[in-house]
Amino acid sequence: MTQELSQLLRTRREKLAALRERGIEPYPYAFSRSHRTDEVHAGFTRAEAGGSLDESGDGDTVRVAGRIVSWRSHGKSAFGHIEDGGGRIQLYFRLDALGEDSFKDLELLDLGDWIGVKGPVFRTRTGEVTVRAGSWTLLSKSLRPLPIGKEEVDPDTGERVVYSAFADPRTRYRQRYADLAVHPEAREMVRMRTRTISALRGFLDSRDFLEVETPILQPIYGGAAARPFTTYHNALDTTLYLRIADELYLKRLIVGGFERVYEIGKDFRNEGIDRSHNPEFTMLEFYQAFADYYDMMEVVEALMRHVVRETTGATALTYQGHEIEFASAFRRIRFQEALSEKLDGDVSQMEVDTLRAHLRAHTGEEIEEGGRGRLLDKLFGALVESELIQPTFVTDYPVELSPLAKLKRGEPTLTERFELFVAGWELANAFSELNDPLDQRARFESQARLAEAGDEEAHPIDEDYLRAMEYGMPPTGGVGIGVDRLVMLVTDSSSIRDVILFPTLRPEEGRAG
RNA sequence: GAGCCGGUAGCUCAGCUGGUAGAGCAACGGACUUUUAAUCCGUAGGUCCUGGGUUCGAUCCCCAGCCGGCUCACCA
């Protein structure tokens, strides 16, 4: 945006100067508000029903404040709407009520300005509850036009139709403040996100889980297969990583004697960005001593029901056109059986070459490194995942894929692990936590071999974690849940960027225009 | 990372086979004291994403790049 282009900005600055000339402070310090707009609506409707209005039909005098979102000037009168945290209300300004000067000063206002208004509440001829301004105060002058669209309410459907809406996704994500300012539904998303997280906390707190905080800056990252962000601590003269998972620290706390712990916080993975991935994202992990993965399935099922009920008020929801039901018991399928069915043969008996051939046949992809686990995982992702619309526990993953999970009882090529799939993507990941320090060391070592073979996401060896395991960790069930994806689900959002207030973007070049 | 689509006024968009651009809303001036996409009259507003090329001439065609959307890949 160039200087010449700023005709609109210049006009507003001129108005700012004019306001000061007329003795109006454009940025005062406070305003004594008596009612939020929704309280005015409710109060006036009550007064009408109770017959407590004066002869002219006016209700109480109120002081309301908000951002101007519409304006209709009629010469010696004007209508406008302001919006505050409770909603909107119409304002009515008259020359005879305000006097020459105050009425004339209205012409220095713009859409986007914050004002406070004092006056009685009444209902207009067309039936809208309105504050008749006896006086008004500028609370903050807006120097940059907000992309406020015009809107009308369809008289037949009652739906709000917005014209010239602010739609460019680039600007909406970059200037989230503007997006929020003009889109009430974007603000509603934020509330739903908060409600979701409160529901998670409520559920875990009521079950005696202790909320804790573990390091984000870590000398060794771990707990997941992902590439980390690397940073540097000057005073310690050492490399540190931003955590990719909370897992290893939370289990150290189980060793320390806490039976139930959880953490809700940001994890960071140095990977691509798309509709379901943001480099920093919010993860819930919780660990419960003396529980195995069967117990954790029960917990996850109850937790999901609780969250859906607390956020949507129902036991089912619609996500991108799919009706998803949480009331009945979640389906359970075994990883290898689901895949074997798709491939028409027992995958546990298949050679690596056969798997590779299947992958080529189904996806056209060639995988050289990574071995069996990676092939199985890719095949599962390609053939099974997208069909898992209703809540489904996928259980018993191959050991190669799960270096932190206990072996499956009676089936040592598998682990006691499950993932919860909803709407085609992974929402939770859980296992009977591996607490055998010698087995854990062996698993780490096999991961290290994968790393040497070029797998950039293989799990590094964490000696301190092994030391903790050697002191002894009770049998423990652990679960991780992607909070952003959970919020996407309950808000019917198709992109993770819609549920993260300030998603990661390439930095803007130059100064903001 | 690949394919497809797109980037034109503050916002939403139009612009024929190449002749340096339009609309609605917003803005500005005027009329209007119960309007609500207020209405009516008038005015101004543009690095047509950026850089090259072709051409007498490019918003339009070609090449490269940047940014975004969708699909796929990546992402336990």
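Everything numeric here is computed off the predicted structure, so don't read it as measured data. Just so it is clear: chains get the letters A, B, ... in the order the sequence lines come, proteins before strands, and each one is counted from 1.
- Checking the phosphate oxygens (OP1, OP2) of C70(B), no side-chain nitrogen or oxygen of Arg275(A) falls inside 4.0 Å.
- Across all strands shown, nothing is found opposite C60(B) as a Watson-Crick or G-U wobble partner with both distances under 3.5 Å.
- Asp274(A) comes within contact range of at least one nucleobase, with a heavy-atom separation under 4.0 Å.
- Base-pair partner of U17(B): not found among the strands shown (Watson-Crick or G-U wobble, both distances under 3.5 Å).
- Atom-to-atom distance recorded for Ser142(A):OG and Ile148(A):CD1 is 8.0 Å, nearest 0.5 angstrom.
- Rounding to the nearest 0.5 angstrom, the gap separating the CD1 atom in Ile389(A) from the CD atom in Gln320(A) is 11.0 Å.
- The residue among Leu146(A) and Gly127(A) whose nearest nucleotide of RNA chain B lies closer to the 5′ end is Leu146(A).
- Within the nucleic acid shown, Glu426(A) comes within 4.0 Å of sugar-phosphate atoms alone, with no base atom in reach, counting heavy atoms only.
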Donor-acceptor list for residues 479-489 of chain A side chains, cut-off 3.5 Å, not counting sequence neighbours:
{"residue": "Asp484(A)", "atom": "OD1", "partner": "Arg193(A)", "partner atom": "NH1", "Å": "3.0"}
{"residue": "Asp484(A)", "atom": "OD1", "partner": "Arg193(A)", "partner atom": "NH2", "Å": "3.0"}
{"residue": "Asp484(A)", "atom": "OD2", "partner": "Thr282(A)", "partner atom": "N", "Å": "2.7"}
{"residue": "Arg485(A)", "atom": "NH1", "partner": "Glu426(A)", "partner atom": "O", "Å": "3.0"}
{"residue": "Arg485(A)", "atom": "NH2", "partner": "Ser276(A)", "partner atom": "O", "Å": "3.3"}
{"residue": "Arg485(A)", "atom": "NH2", "partner": "His277(A)", "partner atom": "NE2", "Å": "3.4"}

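- Of the candidates G68(B), A76(B), A26(B), the closest approach to any side-chain atom of Leu8(A) belongs to A26(B).
- Within the cation-pi definition used here (under 6.0 Å to the ring centroid, within 45° of the axis), Arg497(A) qualifies as a partner of Tyr173(A).
- Phosphate proximity of C49(B) to Arg170(A): absent, as no side-chain N or O sits under 4.0 Å from OP1 or OP2.
- As judged by a 4.0 angstrom heavy-atom cut-off over every strand, Pro398(A) is placed among residues making no nucleic acid contact.
- For the P atoms, the distance linking U34(B) with U20(B) amounts to 48 Å, nearest Å.
- Nearest to the side-chain atoms of Phe166(A) among the listed nucleotides U34(B), C11(B), C28(B) stands C11(B).
- Electrostatic pairing of Glu271(A) and Arg227(A) does not count as a salt bridge here, judged by no charged N lying under 4.0 Å from a carboxylate O.
- Taking the charged nitrogens against the carboxylate oxygens, Lys251(A) and Glu247(A) do have a contact shorter than 4.0 Å, which makes a salt bridge.
- Among the nucleotides A76(B), A38(B), G69(B), the one closest to any side-chain atom of His74(A) is A38(B).
- A donor-acceptor pair shorter than 3.5 Å can be found between the side chains of Asp396(A) and Tyr293(A).
- Remark: A27(B) base-pairs with U43(B); criterion is Watson-Crick or G-U wobble with both hydrogen-bond distances under 3.5 Å.
- A donor N or O paired with an acceptor N or O is found under 3.5 Å between the base of U35(B) and the side-chain atoms of Thr124(A).
- The base-pairing partner of G68(B), taking Watson-Crick or G-U wobble contacts with both distances under 3.5 Å, is C5(B).
- Between A23(B) and U8(B), the distance separating the two C1' atoms is 13 Å to the nearest Å.
- With hydrogens and angles left out, the side chain of Glu128(A) and the base of U34(B) share no donor-acceptor pair within 3.5 Å.
- Closest to the side chain of Arg174(A), out of A76(B), G68(B), U34(B), is G68(B).
- Contacts of Phe393(A) classified as ring pair (Phe, Tyr, Trp, His ring centres under 6.0 Å), with partners at least two apart in sequence or in another chain: Phe330(A), Phe418(A).
- Counting non-hydrogen atoms under 4.0 angstrom, Phe103(A) reaches nothing in the nucleic acid.
- The partner of A76(B), taking Watson-Crick or G-U wobble pairs whose two distances both stay under 3.5 Å, does not exist in any strand shown.
- Looking at heavy-atom distances under 4.0 Å, Ala78(A) makes no contact with the nucleic acid at all.
- Between Arg72(A) and A38(B) there is a side-chain polar atom (N or O) within less than 4.0 angstrom of OP1 or OP2.
- Residue contacts shown for Arg123(A) are absent, as no nucleic acid heavy atom lies under 4.0 Å away.
- With A76(B), A27(B), U34(B) as the choices, the nucleotide that has an atom nearest any side-chain atom of Thr11(A) turns out to be A27(B).
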Quick test: give all pairs of protein nitrogen or oxygen and nucleotides 39-44 of chain B nitrogen or oxygen below 3.5 Å, distance rounded to 0.1 Å.
{"residue": "A44(B)", "atom": "O2'", "partner": "Gln7(A)", "partner atom": "NE2", "Å": "3.1"}

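- Relative to the six-membered ring of Phe502(A), Arg176(A) misses at least one condition, a distance below 6.0 Å or an angle of at most 45° to the axis.
- The nearest heavy atom of RNA chain B to Glu419(A) and to Phe93(A) marks one nucleotide each, and the one closer to the 5' end goes with Phe93(A).
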